[in-house]
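Heads up, the thing below is written out as structure tokens.
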There are 2 protein chains.
Amino acid sequence: MKIGELAAATATKVETVRYYEKIGLLASPARSSANYRSYGSEHLARLSFIRRARDLGFSLEVVRELLTLADDRTESCEAVDGIARSHLSEIDRKIADLSALRRELGRVLDSCSCDTIADCKIIDALAPRR
Amino acid sequence: MKIGELAAATATKVETVRYYEKIGLLASPARSSANYRSYGSEHLARLSFIRRARDLGFSLEVVRELLTLADDRTESCEAVDGIARSHLSEIDRKIADLSALRRELGRVLDSCSCDTIADCKIIDALAPRR
DNA sequence: CCTTGACCCTGTAGTTACTACAGGGTGCAG
DNA sequence: CTGCACCCTGTAGTAACTACAGGGTCAAGG
């Protein structure tokens with residue numbers, strides 16, 4: 001399997017695959033006679049895992065941890081559970097932050113009757129004179 | 001007003017103030033005899049505006065636009081309104097994305113009875129075997 | 001008078017997770 | 001044999017800062 005095929009199979013860009021290899025997230029594959037990277041099914045599984053974790057919003061650093069944990073199949077999955085839970089609460093925090101932001105921006109927008117900048121409530125709201 | 005005071009007054013780091021100057025967002029102030037930056041109230045107002053817009057999630061590029069618009073006080077504030085509205089819908093999109101993520105991660109978490117990695121549903125969910 | 005500490009200066013490099021070249025080599029279809 | 005799509009390496013760019021390194025300045029205390 002060449003890099004382009006692997007990339008296509010995992011909806012990843014070729015450059016990203018090489019990037020993952022460079023930072024040590026994806027093992028370096030064998031090379032063909034022409035020095036082309038030659039991937040096997042283990043690489044496909046690994047990259048699929050990485051992409052899925054990324055899609056769920058895990059950082060590369062955390063993905064690295066998850067990969068290490070996933071490799072030790074006798075270990076308790078408590079650690080995995082903890083990582084996932086803390087990620088979940090981080091997402092909840094982000095949603096709350098964005099919702100607060102949304103409310104405030106909505107309020108700013110509602111206040112503007114929109115004639116000229118001189119009496120634009122949006123600009124006023126941004127530069128509160130006092 | 002020295003840079004430290006300006007920074008404190010706007011809850012900004014000193015380095016960030018210098019950064020804003022370097023990228024042309026904040027005008028270069030006069031210098032004291034010791035080559036210290038010396039800010040006036042116009043800088044304070046400007047930086048307050050920038051920080052407030054940043055707090056509302058506007059990118060520096062958009063803040064730049066808003067500053068230009070804010071300076072021309074005879075202009076219609078239609079453009080400002082448009083920027084704010086498109087930013088609002090972007091926030092809505094982000095909230096929706098995060099909510100979907102949250103649902104999926106929650107589903108993954110719920111599925112795990114947490115014994116060993118070998119039968120950890122979280123790891124399974126990340127690496128769907130097929 | 002001297003020193004100590006808090007501030008200020010410039011310039012560069014690091015952060016995250018890629019993405020985009022530049023400048024070259026390889027493999028195959030027509 | 002000549003395109004063209006693909007592959008290679010290495011470097012630089014993105015957003016918005018943040019963190020030094022290596023220096024200068026200023027006011028207060030001893």
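Lettering follows sequence order; numbering is per chain, from 1.
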*Anything under 4.0 Å to a heavy atom of chain A counts; send over the first and last such nucleotide of DNA chain D, read 5' to 3'.*
D/dC6 to D/dT11

*Residues from residues 18-36 of chain B lying under 4.0 Å of DNA chain C - heavy atoms*: B/Arg18, B/Lys22, B/Arg31, B/Asn35, B/Tyr36

*Hydrophobic cluster identity match, A/Leu6 and A/Tyr36, side-chain contacts under 4.5 Å*: no

*Inspect the contact between B/Asp55 and B/Arg51 and indicate whether a charged nitrogen and a carboxylate oxygen are less than 4.0 angstrom apart.*
no

*Near DNA chain C, which residues from residues 84-101 of chain A have a heavy atom under 4.0 Å away?*
none

*Spacing of A/Thr10 atom OG1 and A/Arg52 atom CZ [to the nearest 0.5 Å]*: 14.0 Å

_Nearest-0.5 Å distance, CD of residue B/Glu21 to CG of residue B/Leu47_ = 11.5 Å

*List the steps and the verdict of side chain to side chain contact (heavy atoms under 4.5 Å, CB included) for B/Leu25 and B/Tyr19.*
CA-CA 9 Å; B/Leu25 210 57; B/Tyr19 170 69; over 6 Å; no

*Note: B/Arg64-B/Glu61 ion pair, threshold 4.0 Å (strictly below)*: yes

*asked:* Can you list everything that forms a side chain to side chain contact (heavy atoms under 4.5 Å, CB included) with A/Leu98? Sequence neighbours excluded, please.
replied: A/Leu101, B/Ile91, B/Lys94, B/Ile95, B/Leu98

_Using 0.5 Å steps for rounding, measure from the CZ atom of A/Arg85 to the CD atom of A/Glu78._
10.5 Å

*All pairs passing ring-ring contact (aromatic ring centres under 6.0 Å, His included) where residues 77-98 of chain B contributes a residue, at least two apart*: B/Phe58-B/His87

*In degrees, rounded to 10°, what is the bend between the two ends of the helix from C/dC1-D/dG30 to C/dG30-D/dC1, using five pairs at each?*
30°

